[in-house]
Each structure stands twice: as structure tokens, then as C-alpha cells.
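The analysis underlying the following values was restricted to heavy atoms, covering all of them including side chains, and did not include hydrogens, waters or symmetry mates. The model shown is predicted, which means the values in this text are computed figures rather than measured ones. First the proteins, then the strands, lettered A, B, ... as listed; each starts at 1.
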Amino acid sequence: HSTPMKLLKSYARAKNNAEGLKIINDLVSRRHNPEDAVSWNCVIDVLIRAKCHFSALRLYQRMMQVGRQPDSYTLSILVDGFTKAGEVDMAFRLLEILPQKGASPHVVTYTTLIDTLGKAGKISAALKLFQDMKSIGCDPNAHTYSVLINVLGLEGRWEEARGMFREMKNRNSINPDVHVHNSLMHVLGRAGEIDLAYVLFKEMKGKTLRPNVSTYNILVYALGKVGKVSDACEVFEDMKKKGVVPD
RNA sequence: AUGAGCUACGA
């Protein structure tokens, strides 16, 4: 609960790596360890965002040395950081090791991995992780389906993306949000399936989901792509009338 | 109190 640690937490939340690193350097030079798990995680998060992956790993080891257990956050932060840095092998090693130290994988851990692997073109690895998480009883959420729809769409697999959306709707624990609707609309629009995309748009409004700027950008693009210019203009006017602002 | 997903535009 020291003042520098409070500052570091707010820098971590604001993703202000430069200021965060200054504080970390200061704490390190005074041989001052974070106290609670949240503080350790914030330090590790700032180091990861600053691309100091191996410093982050050393901090994790130090955390263990002083008898502090890593948690799901620690695991997600490290796995996401190493995967995005292209260190996929290390990410999978952490995914094996940390659970033995008390850090269980969480839906966030899997979702970030699926996202990054899929965007790197490793779609079958991503789909396998999706099966893995379900088989250990880790329930996917709307974020998970959104990233799956995006990566399937990148491969042109829009029918499977639709299948994912349906699977999500069949889980009554999930409330499909604006993002996941946008993801599928974008995939359908790029595939030229404008009618299906438009149905989705109407579904959104029927569910009292508020279309955002991305929704309108996606729809205008999709309509333009199939030459429905006047429809595109209409949608654009609708957006202005609703006063949609960036969120 | 700390972690993940959509479009465009930037860099």
C-alpha cells in the first residue's frame, strides 16, 4: 500500500508503460518487493507491455521465491505477452507449469491465446485450444466466440463462423454483445453475404443492443462492396440521426 | 483492486 505502488497500479491500468517502468526501476533499486498478488501482477503487466518479457519472467520467479502464488491473472498476462511476442513455445510451457503452482487457466487465458494464434494463421492450433478449454470445463464467453469468428473469417471460413455464432446463442449463459455481432457482420460482409449481415443488424436492434461506430463502418463497407450505394448512404444517415459516437 | 475480442483512421 505504498504510494509508488498505488501509482504503479494506476499506470498499469492506464497502460502507461513509460511511467510504469520508472516506478519499477525505482522499486527495484530500493530492493522493494510488491506485497500482494495484484501488485505483482501489475508489475509483470507493465513489463510485458514494455516488451521486457524476460524481466517479467524473472519477476514471476521472484514472486515464487518470496512465497507468493501466481494466480489466473499472472498466467493470462504472461501467456498473452509471450504469444504476442511470437514466443509461442514459452507460452505453452507457462500454460503447463503455472497451473501446478496454483494459477488455473481462465477463459481469458484461452481466449487471448486463441486470438493471437488465429491471427498468426495457426488456426488449427487455435481450434484445438477451443476444444481443450471446453473439455476441461472452462466455459467460453462472448469474447471467445468473437475471436473465433474473426479468425475463421480471416481464412474465409464464414459458414463455420456462423456456426460459432449459433453455438454461442445456444448457450443461455451468454448474452451476445455488440462486439460479437460486429465480428460476424464483418465476416459476412467481406464474404459478400450482405443479406445475412443485414439480418444480424436488425437482430441487434431488436435486442436493444446499441450499434456502435464499428457496426456502421462494417455495414457501410459491406453494402458498398456489393454496390448498394444508396442503402449504404441510408445506413450512414441513420447513424447520424442516432447520434452514434465512438466508444 | 490487476488480464482478452469488432470497423475505420492514424503511426
| Do we see a donor-acceptor contact under 3.5 Å between the side chains of A:Ser214 and A:Asn182? | no
| task | Could you tell me whether the side chains of A:Asn17 and A:Tyr11 share a donor-acceptor contact shorter than 3.5 Å? | result | no
So [X], base contact, sugar-phosphate only, or nothing? Heavy-atom distance under 4.0 Å.
X	value
A:His181	nothing
A:Ser183	sugar-phosphate
A:Thr109	base
A:Val147	sugar-phosphate
A:Ser72	base
A:Ala37	nothing

| field | hbond_proxy A:Asn182 side chain to B:G5 base (donor-acceptor, 3.5 Å cutoff) | value | no
[X], nearest nucleotide to its side chain (from [options]):
X	options	value
A:Asp45	B:U2, B:A4, B:G5	B:U2
A:Asp36	B:C6, B:G3, B:A1	B:A1
A:Asn217	B:A4, B:A1, B:U7	B:U7
A:Asn141	B:G5, B:G3, B:A4	B:A4
A:Val180	B:C6, B:G5, B:A4	B:G5
A:Arg13	B:A1, B:A4, B:G5	B:A1
A:Ser146	B:A1, B:G5, B:A8	B:G5
A:Ile218	B:U2, B:C6, B:A4	B:C6
A:Tyr73	B:U2, B:G5, B:U7	B:U2

Nearest whole angstrom, please: distance from the [atom2] of [N] to the [atom1] of [X].
X	N	atom1	atom2	result
A:Arg190	B:U7	CZ	P	8 Å
A:Asp139	B:A4	CG	P	21 Å
A:Leu200	B:C6	CG	P	17 Å
A:Asp115	B:C6	CG	C1'	11 Å
A:Asn150	B:A8	CG	P	11 Å
A:Ile114	B:C6	CD1	C1'	17 Å
A:Lys119	B:A4	NZ	P	12 Å
A:Leu75	B:G3	CG	P	15 Å

| message | By the definition side chain to side chain donor-acceptor pair (under 3.5 Å), identify the one residue from A:Thr109, A:Asp45, A:Thr111, A:Asn41 that meets it with A:Ser76. | response |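 For A:Ser76, the side chain to side chain donor-acceptor pair (under 3.5 Å) check succeeds only for A:Thr109.
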| query | Is the ring centre of A:His143 under 5.5 Å from the base ring centre of B:A4, and are the two planes under 30° apart, so that they stack? | reply | yes
| message | Between A:Lys101 and A:Gln69, does the side-chain contact (heavy atoms from CB on, under 4.5 Å) criterion hold? Intermediate values first, please. | response | CA-CA 7 Å; A:Lys101 314 285 185 190; A:Gln69 269 202 5; over 6 Å; no
| Quick one: are the ring centres of A:Phe201 and A:His181 less than 6.0 Å apart? | no
| said: I want to know whether A:Phe82 and A:Phe54 have ring centres closer than 6.0 Å. | reply: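 Under 6.0 Å, so yes.
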| query | Is the phosphate of B:A4, meaning OP1 or OP2, less than 4.0 Å from a side-chain N or O of A:Arg49? | reply |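 So the side chain of A:Arg49 is within the cut-off, an N or O lying under 4.0 Å from OP1 or OP2 of B:A4.
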| message | Does B:G3 have OP1 or OP2 under 4.0 Å away from a side-chain N or O of A:Lys9? | response | no
| task | Starting from the C-alpha separation in whole Å, work towards a yes-or-no answer on side-chain contact (heavy atoms from CB on, under 4.5 Å) for A:Met63 and A:Ile44. | result | CA-CA 10 Å; A:Met63 179 180 186; A:Ile44 292 171; 4.2 Å; yes
